[in-house]
Amino acid sequence: MTHTSTPDIRAERIAVFAGSFNPFTAGHADIVSRGLELFDRIIVAVGVNAAKNPGAIPAALEPIRELYAGEDRVTVKAYSGLTAEFARGEGACALLRGVRSVRDFEYERDMADINRRLTGIDTVLLTARPDLGAVSSSLVRELDSLGVDTSPFMPHNDNTL
């Protein structure tokens, strides 16, 4: 009896981390960093609302690309439409999401259930680090509009927080 071995070929594990990222905060960077411990590649997908601004390229793309210029496992892309459909088209096995609160968790759980039902793609939820739990893009925008230094809430160019 001969034994034929199957080659050990493992599919690349790709996750899509999607959002408007207006701006991309230290909390977002932390989710990407931790996600790279779980996945081979992460696509940071910046959403474009085609109904509101057709053809627009989000301002968030370039700063995120600059942040990850030295990390070839992170790709930054614009997309529109259903996030899970974009992820499926990119060959992703999961959506990566950050959760700061119980309120976030309930919303993300519902979205994860719908996305799995529509596309079969699972969602991986990572909880925010305690020191970043209060950081949100809307809070950073508001502080910035008031002239407050927001650099403590932003990732640094060397990918550290």
Side-chain angles (χ1 to χ4, degrees), residues 11-49 52-53 56-112 115 121-161:
E12 184 177 40
R13 294 169 307 169
I14 301 169
V16 168
F17 181 44
S20 60
F21 304 121
N22 181 25
F24 191 82
T25 68
H28 296 129
D30 180 59
I31 297 298
V32 171
S33 175
R34 291 165 51 209
L36 286 171
E37 295 175 16
L38 303 170
F39 298 99
D40 300 314
R41 246 178 5 99
I42 293 178
I43 299 169
V44 177
V46 182
V48 176
N49 187 334
K52 288 183 180 178
N53 206 353
I57 297 174
L61 281 174
E62 205 48 44
I64 302 169
R65 283 184 177 143
E66 288 174 19
L67 182 65
Y68 292 104
E71 176 54 78
D72 60 354
R73 297 186 311 143
V74 176
T75 306
V76 182
K77 295 184 176 186
Y79 82 101
S80 62
L82 187 64
T83 302
E85 290 291 343
F86 170 78
R88 185 167 54 182
E90 292 293 323
C93 64
L95 296 170
L96 178 63
R97 303 293 295 167
V99 178
R100 293 173 297 157
S101 67
V102 171
R103 183 175 49 236
D104 282 355
F105 173 77
E106 290 177 352
Y107 173 80
E108 294 296 343
R109 180 200 57 215
D110 291 347
M111 290 303 299
N115 286 329
I121 293 178
D122 274 314
T123 300
V124 173
L125 302 176
L126 296 180
T127 57
R129 288 187 349 212
D131 61 319
L132 297 172
V135 178
S136 70
S137 293
S138 56
L139 176 67
V140 170
R141 280 195 316 275
E142 184 175 344
L143 291 172
D144 188 57
S145 74
L146 297 170
V148 176
D149 176 20
T150 59
S151 62
F153 310 113
M154 303 301 289
H156 305 290
N157 285 333
D158 61 359
N159 290 333
T160 62
L161 305 175

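Side-chain atoms are counted along with the backbone in the values below, which use heavy atoms only and exclude waters and symmetry mates.
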Query - Test side-chain hydrogen bond (donor to acceptor under 3.5 Å, both in side chains) applied to Ser145 - qualifying residues, sequence neighbours left out - result: none
**Report entry** By side-chain hydrogen bond (donor to acceptor under 3.5 Å, both in side chains) - contacts of Asp144 (at least two apart)
**Finding:** none
Query raised in the report: Do Leu126 and Leu38 come close enough that some side-chain heavy atom pair is under 4.5 Å?
Result: yes
Query raised in the report: Nearest heavy-atom pair of Ala11 and Asp40: which atoms, and what distance?
Result: O-OD2, 4.1 Å
Query raised in the report: Does Arg73 have any salt bridge (Lys or Arg N to Asp or Glu O under 4.0 Å) partners at least two apart in sequence or in another chain, and if so, which?
Result: Glu71
Report summary line: Smallest heavy-atom separation, Phe17 atom then Val32 atom, equals CD2-CG2, 3.5 Å
Query raised in the report: Distance from Arg41 atom CZ to Asp72 atom CG, nearest 0.5 Å?
Result: 9.5 Å
Requested in this report: Please list all pairs passing the ring-ring contact (aromatic ring centres under 6.0 Å, His included) test where one or both residues lie in residues 69-96, with sequence neighbours left out.
Outcome: Tyr79-Phe86
Query raised in the report: Given the rule in the side-chain contact (heavy atoms from CB on, under 4.5 Å) test, do Leu36 and Val74 qualify, once you have shown the distances and angles that lead to the verdict?
Result: CA-CA 8 Å; Leu36 286 171; Val74 176; 3.9 Å; yes
Query raised in the report: Measuring from Leu82:CG to Asn115:CG, what's the distance to the nearest 0.5 Å?
Result: 6.0 Å
Query raised in the report: In Å and rounded to the nearest 0.5 Å, what is the OG1 to CD1 distance from Thr75 to Ile14?
Result: 8.5 Å
Query raised in the report: Closest approach of Pro23 and Met154, non-hydrogen atoms and distance?
Result: CB-CE, 3.8 Å
Query - For Leu96 against Gly35, the heavy-atom pair lying closest together - result: CD2-CA, 4.0 Å
Query raised in the report: Roughly how far, to the nearest 0.5 Å, is the CE atom of Met111 from the CG atom of Leu95?
Result: 9.0 Å
Query raised in the report: Residues two or more places apart in sequence or in another chain: which of them pass side-chain contact (heavy atoms from CB on, under 4.5 Å) with Ala94?
Result: Phe39, Val124
Requested in this report: Mind checking the OG-CZ spacing from Ser137 to Phe153? Nearest 0.5 Å is all I need.
Outcome: 12.5 Å
Requested in this report: Could you tell me how the ring of Phe21 sits relative to the ring of Phe24: parallel (under 30°), tilted (30 to 60°) or perpendicular (over 60°)?
Outcome: perpendicular
**Report entry** Pair listing, salt bridge (Lys or Arg N to Asp or Glu O under 4.0 Å) test, anchored in residues 83-102, at least two apart
**Finding:** Lys77-Glu90, Glu85-Arg88, Arg97-Glu108, Arg100-Asp104
Query raised in the report: Which atom pair, heavy atoms only, marks the closest approach of Ala18 to Thr83?
Result: CB-CG2, 3.5 Å
Report task. Heavy atoms only: give me the nearest Ile121-Ala84 pair and the separation to one decimal. Result -> CD1-O, 3.6 Å
